[in-house]
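Worksheet for the structure shown next.
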Amino acid sequence: MSEWRALAYRAARPLLFAFEPERIHRLTLTGLRTAGTNPLGRGLAGFASGTRHEPATAATLLGLPFRNRVGVGAGFDKDAVALRGWEALGLGFIETGTVTPLAQGGNPRPRLFRLPADEALINRMGFNNAGAAALARNVMLARRHLPAGFVVGVNIGRGAATPPDQATADYVAAFRLIAPVADYVAINLSSPNTPGLRDMQQPDRVRALLAALRAAGMEEAANRPLLVKLAPDLEPDAFASLVSIVAEDADGLIVSNTTVARDGLASAQREEAGGLSGRPLRDRMLEAVSVARALMGRPKVIVASGGIGSAEDAAAAYAAGADLVQLWTGLVYRGPGLIGEAVAVRPDWPLIPFPAI
């Protein structure tokens, strides 16, 4: 049946790719939002993804029950408008955002590009979102319809107009708004599309930011697990230093965000500015997961994000040391059937060994 789903999506993909990428993205979210609110739509979503919630794939991580270990990464549903649809697809969790304290329009269009020959995307969206209050409202309204075991994380960032020396205040402001409704909070320090954001990836700044967010959580009686999302372009020593800080001061790590590297790409759109995601990011992600797991003991959580486009990729991420995996660009190229394939992978199933890179 998984083969049938793959063939069906492959047949439909040329039609979908005839649309401008950001437009089809919006249409996808609209369709998911609608599907999640009625029995027929939910049934069709589950059939399209082919998910099974097997006890072997369930886990308790970050103090939260995950019905399975497969989620969607930040950036797909920035404003949490389609939570019920994502749940109907059979995912174990979703990470919404990146959200900023105030609404912002993001960078000028076009800002999202397909690279079919590379099974990749380049985006320079720039944290376009409706603001933290709007996201919090959407999560709150959806909560009563979401089952136990479907986890909602929220990814927070700095506003584009916020001066770098006020970045911590921006993160804290977003945190205060979303923490009451979030299951966990992810801290985005690594998008290449907000000028100066990656400068936050300095040890002293990361420590100070985590301390400020912990303090805000205590004040709001909303202590939430904190995860830090890092770039794949850090030098090895810098990456190791930040992983050590996460091990001490946070609850987990997400690796990795999009890359600014363009090695070995074949698509004509490869020179577009922005962050690259998809298949070319896979080996970088696996290497980062492997290094991070060697540096961090459990129960610290590692989320593998980037380049997962098959069951084999999910298995490789687990073999490298990941606890959870996130899909994004793989869904664009493989369709919803990828969810069922990834959910069926057990963490103790090292289908292929982690490659030496």
Side-chain angles (χ1 to χ4, degrees), residues 58-74 91-99 132 139 148-157 168 171-172 174-190 200-231 234 239-257 285 288-306 317-318 320-326 347:
T60 299
L61 299 161
L62 304 169
L64 303 167
F66 288 77
R67 67 183 186 185
N68 64 64
R69 297 170 181 259
V70 180
V72 165
L91 292 159
F93 69 106
I94 182 171
E95 190 172 305
T96 64
T98 298
V99 68
V139 175
F150 182 73
V151 171
V152 180
V154 181
N155 186 298
I156 60 175
T168 295
Y171 283 97
V172 170
F175 178 90
R176 289 183 185 278
L177 289 165
I178 58 90
V181 301
D183 290 317
Y184 72 83
V185 177
I187 306 160
N188 190 342
L189 306 175
S190 47
M200 289 289 294
Q201 296 179 126
Q202 302 295 328
D204 290 348
R205 299 187 75 176
V206 174
R207 283 191 189 280
L209 176 57
L210 288 169
L213 293 174
R214 292 288 188 201
M218 293 181 66
E219 291 169 13
E220 300 289 336
N223 283 316
R224 296 291 182 264
L226 297 177
L227 282 71
V228 177
K229 187 169 187 175
L230 296 178
L234 290 163
F239 181 76
S241 177
L242 292 174
V243 170
S244 297
I245 292 170
V246 170
E248 293 174 10
D249 299 337
D251 301 287
L253 180 70
I254 303 171
V255 284
S256 57
N257 213 317
M285 177 274 292
V289 169
S290 182
V291 170
R293 179 52 73 200
L295 292 170
M296 289 200 312
R298 298 188 188 273
K300 298 298 182 180
V301 167
I302 296 177
V303 183
S305 184
Y318 293 136
D323 301 288
L324 298 165
V325 298
Q326 290 180 336

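Any value given below was found using the heavy atoms of this structure, including those in side chains, with hydrogens, waters and symmetry copies removed.
- Annotation: side chain of Leu61 is not in contact with side chain of Val151 (no heavy-atom distance under 4.5 Å).
- Ser256 meets the side-chain hydrogen bond (donor to acceptor under 3.5 Å, both in side chains) test with no other residue; sequence neighbours excluded.
- When all heavy atoms of Asn68 and Gly92 are compared, the pair lying nearest together is OD1-N, 3.0 Å.
- At a threshold of 4.5 Å between non-hydrogen side-chain atoms, the residues Phe66 and Asp323 do not count as touching.
- The side-chain heavy atoms of Asp183 and Phe93, taken from C-beta on, include no pair separated by under 4.5 Å.
- Between Ile94 and Phe150 the shortest side-chain heavy-atom distance falls below 4.5 Å.
- Here the CZ atom belonging to Arg69 is positioned 15.0 Å from the CG atom belonging to Leu91, to the nearest 0.5 angstrom.
- When atom types are taken as modelled, the side chain of Arg224 and the backbone of Val185 share no donor-acceptor pair closer than 3.5 angstrom.
- Nearest heavy-atom pair, Asn188 versus Tyr171, reported as atom, atom and distance to 0.1 Å: O-OH, 2.6 Å.
- Remark: the backbone N or O of Asn155 is not paired with any side-chain donor or acceptor of Thr96 at under 3.5 angstrom.
- To the nearest 0.5 angstrom, Ile156 atom CD1 is 9.0 Å from Leu189 atom CG.
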**Request:** Verify side chain to side chain contact (heavy atoms under 4.5 Å, CB included) between Leu253 and Arg293, making sure each step is shown before the conclusion.
**Result:** CA-CA 10 Å; Leu253 180 70; Arg293 179 52 73 200; over 6 Å; no
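- A donor-acceptor pair under 3.5 Å is absent between the side-chain atoms of Glu95 and the main chain of Ala186, judged by distance alone.
- Within the 4.5 Å cutoff, the side chain of Leu242 has no heavy atoms near those of the Val228 side chain.
- Leu324 contributes atom CG, which lies 7.0 Å from atom CG of Leu62 (distance to the nearest 0.5 angstrom).
- By the salt bridge (charged side-chain N to carboxylate O under 4.0 Å, His left out) test, Arg207 pairs with Glu248, Asp249, sequence neighbours left out.
- Scanning for side chain to side chain contact (heavy atoms under 4.5 Å, CB included) contacts around Ala322 gives Val289, Ala304, Ala317, with sequence neighbours left out.
- Within the 4.5 Å cutoff, side-chain heavy atoms of Leu213 are placed close to those of Val172.
- Remark: the backbone N or O of Leu227 is not paired with any side-chain donor or acceptor of Asp251 at under 3.5 angstrom.
- Side-chain contact between Ile187 and Leu210 is present, with heavy atoms from C-beta onward closer than 4.5 Å.
- Nearest heavy-atom pair, Ser190 versus Gln201, reported as atom, atom and distance to 0.1 Å: CB-OE1, 3.5 Å.
- The closest side-chain heavy-atom distance from Gln326 to Ile254 is below 4.5 Å.
- Across Ala247 and Met296, no two heavy atoms sit closer than the pair CB-CG, 3.7 Å.
- Pairing each heavy atom of Asn223 with each of Gly217, the nearest pair is OD1-C, 3.3 Å.
- Across all non-hydrogen atoms, the minimal contact from Leu177 to Ala132 is CD1-CB, 3.6 Å.
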